[in-house]
Protein chains: 2
Amino acid sequence: MAKEPEDTIASRISRVLADRIVRGELSAGLRLRQDHIAEEFGTSHVPVREAFRRLEAQGLAISEPRRGVRVASFDLKEVREVAEMRAALEVLALRHAANHLTPAILDAAEEAAREGDVAVDVHAWEDANRRFHRLILAPCGMNRLLASIDDLHAASARFLFSAWRSGWEKRTDHDHRAILLALRQGRVEEAASILERHVQWIGRAPKSAQRGTNVSDVFAIVG
Amino acid sequence: MAKEPEDTIASRISRVLADRIVRGELSAGLRLRQDHIAEEFGTSHVPVREAFRRLEAQGLAISEPRRGVRVASFDLKEVREVAEMRAALEVLALRHAANHLTPAILDAAEEAAREGDVAVDVHAWEDANRRFHRLILAPCGMNRLLASIDDLHAASARFLFSAWRSGWEKRTDHDHRAILLALRQGRVEEAASILERHVQWIGRAPKSAQRGTNVSDVFAIVG
DNA sequence: GCTATAAAAATTATCTATAATTTCTAATTC
DNA sequence: GAATTAGAAATTATAGATAATTTTTATAGC
């Protein structure tokens, strides 16, 4: 019982590695050695290589032929790029989801927002945040779009975790509430425009560091 | 000499298979048997499996554990989804590219538009079309965004080829010209809005078929 | 003739082995 | 002591082999 969604060793490895990269347990630039990973998972390196191809496509690893795979690095420019892509795609998804949003879904999203507010660490906050966004976007029923958004969200979360490695301050997210309110009242375009601004905020720091700066120097209130 | 960009057998295989799928030589639903492909390329099946993972990420193939890989099918709903994603992302790219567009680039794009107008078949037209879009978007310098757009463009081209399998009528693309004119005169938002409408046109047929319809029943003047 | 079932063939997923390349280490030279 | 180079160790990419699963084919029953 408790069957996993995907069955192959390769997909399991790619999921675990993606999670570690996003959480910052594997830091940018680190070499991913196929034999070592194979040994850890008790497999040969063949499925490991397949997992690498997946991570590459997600933008979490980069592979140079004959020279191995390393954890992708990311600078502020890329974080902003991801934020803008997310803004564009989430707005699209929300417009299509709007008609299919039920009160039950909006209530669940409200609950996710509440959980974000009381989160005790950045991981709990991000988990609630991701649930919020997924809940209001999933009803669009556009699978390719949702998959892209998921990948971009992972990249954003990676930045979030790396920037917030130390310390966590509780705060209330007004944007999420404003989005829900607009949606409940049928003001879809207003919800979309708050969402757009909300997501674009990522990587826009108060005291903005310059290009090429290491990401962890910067702070951003993110969603 | 004449070194290819990527060196591994897996990447070569994935490029060739992607091209065949897009051109319709491998039709939707067809099983891709790793041993057969391995034999064709004179390799073992290991690099073939890696190529499969890449195609999967591009949305050109779907893989079911233990049951093999098949060419992804696509219906009108998915074509429209891709069109809307492309519209959203190309607009984003154009806004960022606008400041970096030189007269030389715009001239090259004009030339690509001209080549599209005189194309003798759908493949030549699509080639010119892709060059046009790439030329005006690439200067945005956002690699992840451009890679996503490329994948979406491939999906669009696949639809185009499947819809146009028989017959080709010459036609002039006014949108491309209008976009260039607006860009030359610095009216970026106007160019973006023409581009958005232009790309969204894909899959919007004159005599629109209903959901679940086979894609090749429908016609659309696409970009 | 059609459906169900069982055996055979084909196919996938993975492991082990190997050649080629890269990276690391240490000795040698200036 | 720093830079260079030669050799050793590690690593990648691919091939070949194998167990498990799925698909196909052929057969038996109705």
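Throughout, protein chains are lettered first and strands after them, A, B, ... in sequence-line order, and every chain is numbered starting at 1.
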Exercise for review: Would you kindly say whether A:Arg53 and A:Ser14 are connected by a side-chain donor-acceptor distance under 3.5 Å?
Suggested key: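 There is no such pair (donor and acceptor under 3.5 Å, judged by atom type) between the side chains of A:Arg53 and A:Ser14.
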Review point. Cut-off 3.5 Å, side chains only: do A:His96 and B:Glu84 have a donor facing an acceptor?
Key: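 A pair is found: one side chain offers a donor N or O, the other an acceptor, under 3.5 Å apart.
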So which protein N/O to nucleotides 15-19 of chain D N/O distances come out below 3.5 Å?
from, atom 1, to, atom 2, distance (Å)
D:dA15, OP2, B:Ser44, N, 2.3
D:dA15, OP2, B:Ser44, OG, 3.0
D:dA17, N6, B:His45, NE2, 3.2

Is the closest side-chain heavy-atom distance between [X] and [Y] below 4.5 Å?
X: A:Asn129; Y: A:His176; result: yes
X: B:His133; Y: B:Ile149; result: no
X: B:Arg134; Y: B:Asp150; result: yes

Please report, rounded to the nearest Å, how far the [atom2] atom of [N] is from the [atom1] atom of [X].
X: A:Glu56; N: D:dA13; atom1: CD; atom2: C1'; answer: 14 Å
X: B:Arg70; N: D:dT22; atom1: CZ; atom2: C1'; answer: 12 Å
X: B:Asp35; N: D:dT22; atom1: CG; atom2: C1'; answer: 14 Å
X: A:Arg67; N: D:dA13; atom1: CZ; atom2: P; answer: 11 Å
X: B:Gln34; N: D:dT23; atom1: CD; atom2: P; answer: 14 Å

Review point. What distance separates B:Ser148 OG from A:Asp151 CG, expressed to the nearest 0.5 Å?
Key: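 The distance works out to 8.5 Å.
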Exercise for review: Heavy atoms of chain A, cut-off under 4.0 Å: which first and last nucleotide of DNA chain C, 5' to 3', fall inside that, if you could look?
Suggested key: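 The contacted stretch runs from C:dT14 to C:dT23.
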Practice item. Using a strict 4.0 Å threshold on nitrogen-to-oxygen distance, state whether A:Arg130 and A:Glu126 make a salt bridge. Key: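 Salt bridge flag = yes for A:Glu126 with A:Arg130.
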Practice item. Please figure out whether A:Glu50 or A:Arg31 has its closest DNA chain C nucleotide nearer the 5' end. Key: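 Nearer the 5' end of the strand: A:Glu50.
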Check your understanding: Within the structure, does a side-chain N or O atom of A:Arg33 lie under 4.0 Å from either OP1 or OP2 of D:dT12?
Key ->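 The answer is no; no side-chain N or O of A:Arg33 sits under 4.0 Å from OP1 or OP2.
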Point to revise | Passing option when B:Arg131 is tested against B:Glu110, B:Glu115, B:Glu111 for salt bridge (charged side-chain N to carboxylate O under 4.0 Å, His left out) | key: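 Considering B:Glu110, B:Glu115, B:Glu111, a salt bridge (charged side-chain N to carboxylate O under 4.0 Å, His left out) with B:Arg131 is found only for B:Glu115.
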